[in-house]
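To start, the structure itself, in structure tokens.
As the structure is a computational prediction, the values presented were derived from the model and not from experiment. Note that these values count all heavy atoms, side chains included, but never hydrogens, waters or copies made by symmetry.
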Amino acid sequence: VQLQASGGGLVQAGGSLRLSCSASGNWFSSNGMAWYRQAPGMERELVASITGGGVTNYAASVKGRFTISRDGAKSTVYLQMNSLKPEDTAVYYCNTRRFGEPYWGQGTLVTVSS
């Protein structure tokens with residue numbers, strides 16, 4: 001299982017970014033995927049998740065601003081982030097689980113300036 005995240009960067013408060021996470025292997029369509037983030041000095045937290053069937057779940061802090069989606073043909077999961085706030089600044093990681101084991105992408109840094 002390999003996950004490759006991209007799309008982070010520097011954006012002003014109120015702006016938008018879209019993160020992408022490309023997955024290797026033929027397991028993607030049946031697996032749930034998630035985005036986590038970790039701010040400096042903080043624990044890693046779940047931001048959003050999506051099941052293989054497309055059911056989504058969001059942290060309260062991002063609900064209504066972020067949208068997780070997936071494209072089976074491209075084996076890619078996305079995180080559309082709108083109305084970004086400085087407190088969204090963090091390294092964002094994509095994640096999946098296979099046979100009970102977690103797998104992580106390398107992380108992509110999102111910095112939101114005020």
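Linking Ile, Leu, Val, Met, Phe, Trp and Tyr whenever their side-chain heavy atoms come within less than 4.5 Å leaves Met81 and Val91 in two separate clusters. Residues Tyr58 and Tyr36 do not share a hydrophobic cluster, clusters being chains of Ile/Leu/Val/Met/Phe/Trp/Tyr side chains in contact below 4.5 Å. A single hydrophobic cluster is seen to contain both Leu19 and Val112, as judged by linkage of ILVMFWY side chains at heavy-atom distances under 4.5 Å, directly or through other members. Under the 4.5 Å side-chain contact rule for hydrophobic residues, Phe66 and Leu109 do not share a cluster.
Between the Thr96 side chain and the Asn31 main chain, no donor and acceptor come within less than 3.5 Å of each other.
Counting only N and O atoms by type, the side chains of Asp71 and Thr76 include no donor and acceptor under 3.5 Å apart. Defined by atom type and a distance below 3.5 Å, a donor-acceptor pair is present between the side-chain atoms of Arg37 and Tyr92.
Figure legend: Arg18 and Tyr78 shown as a cation-pi pair, the cationic atom lying under 6.0 angstrom from the six-membered ring centre and within 45 degrees of its axis. Figure legend: cation-pi geometry between Arg98 and Tyr103 absent, as NZ or CZ is not positioned both under 6.0 Å from the six-membered ring centre and within 45° of its axis.
Inter-residue side-chain proximity for Trp104 and Leu3 is flagged as unmet; no heavy-atom pair is nearer than 4.5 Å.
Rounded to the nearest 0.5 angstrom, Trp35 CH2 and Glu45 CD are separated by 14.5 Å. Expressed to the nearest 0.5 Å, how far SG of Cys94 lies from CE of Met33 amounts to 5.5 Å.
Put simply, the residue from Asp88, Val110, Thr108, Leu79 that forms a side chain to side chain contact (heavy atoms under 4.5 Å, CB included) with Leu17 is Val110.
Nearest approach of Ser83 to Arg65, heavy atoms of both residues: O-NH1, 2.9 Å. Taking both residues in full, the closest heavy atoms of Arg97 and Pro102 are given as NH1-CB, 3.8 Å, listed atom of the first, atom of the second, then distance.
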